[in-house]
Amino acid sequence: MHLPPPTSPHPVGDVSATMPPVCDFTVFGGTGDLALRKLLPALYHRDLEGHLPEDTRIIGVSRSEIDDEGYRTEVRAALERFVEPALLEPQAVERLLGRLHHLCLDADTAEGWHLLHGLLKDRPREEEAVRVFYLAVAPRLFGPTCERLAEIGVVNERARVVMEKPIGHDLGSAREVNDAVGAVFAEHQVFRIDHYLGKESVQNLLVTRFANTFLEPLWNSQWVDHVQITVSETVGVGSRGGYYDHAGALRDMVQNHLLQLLCLVAMEPPTYVGRENVRDEKLKVLQALKPLTPADVDRDTVRGQYVAGLVEGERASSYADDLGAERSGTETFVALRAEVQNWRWAGVPFYLRTGKRMDRRVSEIVVVFKEPPHAMFPGAEGGASANRLHICVQPDEGMRLHLTAKEPGPGGIRLRPVSLDLSYATTFDQRSPEAYERLLMDVVRGNPTLFMRRDEVEAAWSWVAPILDRWAESPEAPRRYPAGTPGPFAAAALLERDGRSWQETDQ
């Protein structure tokens with residue numbers, strides 16, 4: 001069933017939408033790692049700062065046979081583990097624990113769902129309650145869970161569903177998932193979450209681009225040489241080996257996180273930031289990506305897999321050892337070259353890379369501008385280097401603009417690279433909220449700006465499909481790289497053949 005858009009005075013996704021007075025926040029997978037490590041600590045922080053609706057209940061749903069008190073004990077332990085001790089205020093902890101309930105349900109069976117119906121219906125001010133259903137479960141359960149919610153009659157015009165990635169493993173399966181969820185929830189009620197879009201530095205990219213006039217005249221192919229987007233991790237697959245070996249780095253990171261960052265860099269200015277405007281512009285970028293032929297995939301993509309090495313001075317095992325298998329053809333590293341074929345970006349390459357067990361943990365965007373067209377200081381020591389805007393998404397959120405300056409002193413001119421730094425930690429005297437804190441509150445408000453729309457997800461899958469197909473038919477195995485290194489040598493060669501190199505944080 002499809003529900004019409006709500007008839008509230010604030011349009012769907014309007015950033016001016018206010019927080020509702022009543023909310024029931026149901027987390028399917030309520031005892032899982034994501035819920036205990038990210039979602040519940042995020043809700044605690046929002047409750048601590050008074051941002052949750054006063055009449056909020058949090059309902060954990062899982063197959064664990066525990067009661068409300070047992071669930072509160074688990075959540076208390078999670079808060080003590082994942083929240084900074086200085087921010088654990090006893091009164092706030094007790095307030096959040098008092099909001100908690102737990103139900104033992106299985107999406108594969110019809111048993112027990114009447115308990116959720118009763119809990120949601122039998123509450124004061126039920127007619128005012130916004131219902132958020134967070135699907136922190138395996139993607140195969142997205143459709144069945146939504147069907148159960150429809151069967152028990154708890155999906156109304158104030159209901160919202162949140163879907164975690166991955167949404168499918170290819171275009172066909174993504175459509176199946178979207179169809180199943182879309183049979184119950186209208187598109188304006190579906191929030192496909194990408195936590196990278198909730199990070200302060202990513203949101204600040206929009207502000208930097210569209211609230212400052214000096215960059216816009218330079219933000220195009222006339223002045224930008226290329227763009228680099230890197231998401232590297234020092235950890236291996238850990239307990240996610242079973243999932244990861246069926247997904248790989250391209251599905252796990254490129255199809256969602258990296259392409260979303262690319263969209264925010266390359267998108268045209270929206271009329272304003274709100275409603276569907278940002279998502280409309282992101283979709284245009286995905287649709288403008290140059291389609292990849294098999295020859296393009298062979299030339300412009302690199303896949304790798306880590307072998308044993310040293311990470312931060314500690315011995316790290318190979319991917320096969322982490323997986324407990326003799327061998328695997330799954331990539332743990334991807335580097336690729338993409339192009340946005342439109343007026344603004346024609347001819348500007350976008351280099352993307354991501355990997356596990358690399359030499360550093362960092363997520364960053366580097367916009368490299370063209371070098372000065374003429375050497376104005378003959379005989380000067382040093383040289384004028386290309387300006388770079390370096391945006392660090394994590395771990396140290398901030399922004400750095402690299403310039404060339406004259407080194408002080410008499411005699412000849414000595415040119416020296418310097419940087420103008422914006423560090424969130426030192427510039428703003430307040431805690432930087434975690435990404436989930438912002439995104440969960442946007443769901444409650446009904447603001448979809450930082451979430452992926454169905455057509456975005458399917459456009460992204462359409463673009464990566466030729467890569468997946470070509471890799472599947474290729475006999476070539478992923479290139480090996482030692483743990484604790486920047487990835488395979490072929491990733492460096494991908495840029496070197498264009499006369500460029502990867503920009504590292506300390507350069």
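Index from 1, following the sequence.
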Next item on the list: Let me see the working for T449 and V278 under side chain to side chain contact (heavy atoms under 4.5 Å, CB included), right down to the final yes or no.
Entry: CA-CA 6 Å; T449 302; V278 169; 3.9 Å; yes

Heavy-atom check, side chain of [X] versus side chain of [Y], under 4.5 Å:
{"X": "R400", "Y": "L389", "result": "no"}
{"X": "I152", "Y": "H114", "result": "no"}
{"X": "V265", "Y": "W219", "result": "yes"}
{"X": "D442", "Y": "F451", "result": "yes"}
{"X": "D498", "Y": "Y351", "result": "yes"}

Nearest 0.5 Å, what's the [atom1]-[atom2] distance between [X] and [Y]?
{"X": "S501", "Y": "E496", "atom1": "OG", "atom2": "CD", "answer": "7.5 Å"}
{"X": "R160", "Y": "F185", "atom1": "CZ", "atom2": "CZ", "answer": "11.0 Å"}
{"X": "W461", "Y": "L171", "atom1": "CH2", "atom2": "CG", "answer": "9.0 Å"}
{"X": "L289", "Y": "W345", "atom1": "CG", "atom2": "CH2", "answer": "13.0 Å"}
{"X": "L259", "Y": "L264", "atom1": "CG", "atom2": "CG", "answer": "11.5 Å"}
{"X": "L119", "Y": "R57", "atom1": "CG", "atom2": "CZ", "answer": "4.5 Å"}

Carboxylate-amine/guanidinium proximity below 4.0 Å for [X] and [Y]:
{"X": "D252", "Y": "K165", "answer": "yes"}
{"X": "R453", "Y": "E276", "answer": "yes"}
{"X": "E456", "Y": "R454", "answer": "no"}

Checklist line | E364, Q503, Q228 screened by side chain to side chain donor-acceptor pair (under 3.5 Å) with H390, the one that passes | finding: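 Option passing the side chain to side chain donor-acceptor pair (under 3.5 Å) with H390: E364.
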
Note to self: Name the residue from K284, R344, K282 that meets the salt bridge (Lys or Arg N to Asp or Glu O under 4.0 Å) definition with E268.
What the structure shows: R344

Next item on the list: Determine whether the aromatic ring centres of Y306 and F333 lie less than 6.0 Å apart.
Entry: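 Ring centroids of Y306 and F333 are no less than 6.0 Å from each other.
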
Item checked: Output field: ring centroids H195/H257 closer than 6.0 Å -> yes

Note to self: Before you tell me yes or no, could you show the steps for H51 and R46 under side chain to side chain donor-acceptor pair (under 3.5 Å), namely the whole-Å CA-CA distance, both residues' side-chain angles and the distance that decides it to 0.1 Å?
What the structure shows: CA-CA 5 Å; H51 293 164; R46 293 303 90 210; 2.4 Å; yes

Item checked: Set of side-chain hydrogen bond (donor to acceptor under 3.5 Å, both in side chains) partners for T330, sequence neighbours left out ->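 Applying side-chain hydrogen bond (donor to acceptor under 3.5 Å, both in side chains) to T330 gives D245, S328.
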
Margin query: According to side-chain contact (heavy atoms from CB on, under 4.5 Å), who are the partners of D108, at least two apart in sequence or on a separate chain?
Written below: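 With neighbours one apart ignored, the set is D106, R140, L141.
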
Notebook entry, point to check: What are the two closest non-hydrogen atoms of G30 and L40, and how far apart are they?
Noted result: O-CD1, 4.3 Å

Note to self: For H102, run the side chain to side chain contact (heavy atoms under 4.5 Å, CB included) check against T31, I58, I59 and tell me which one passes.
What the structure shows: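 Going through the options one by one, the only one that passes is T31.
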
Between [X] and [Y], do the side chains contain an N or O donor and an N or O acceptor separated by less than 3.5 Å?
{"X": "N178", "Y": "R192", "value": "yes"}
{"X": "Q305", "Y": "T332", "value": "no"}
{"X": "R353", "Y": "T230", "value": "yes"}

Next item on the list: Tell me, with the steps shown, if T208 and M399 meet side chain to side chain contact (heavy atoms under 4.5 Å, CB included).
Entry: CA-CA 10 Å; T208 300; M399 194 173 297; 3.3 Å; yes

Notebook entry, point to check: Going by the angle between their ring planes, with limits at 30° and 60°, are W113 and F28 parallel, tilted or perpendicular?
Noted result: parallel

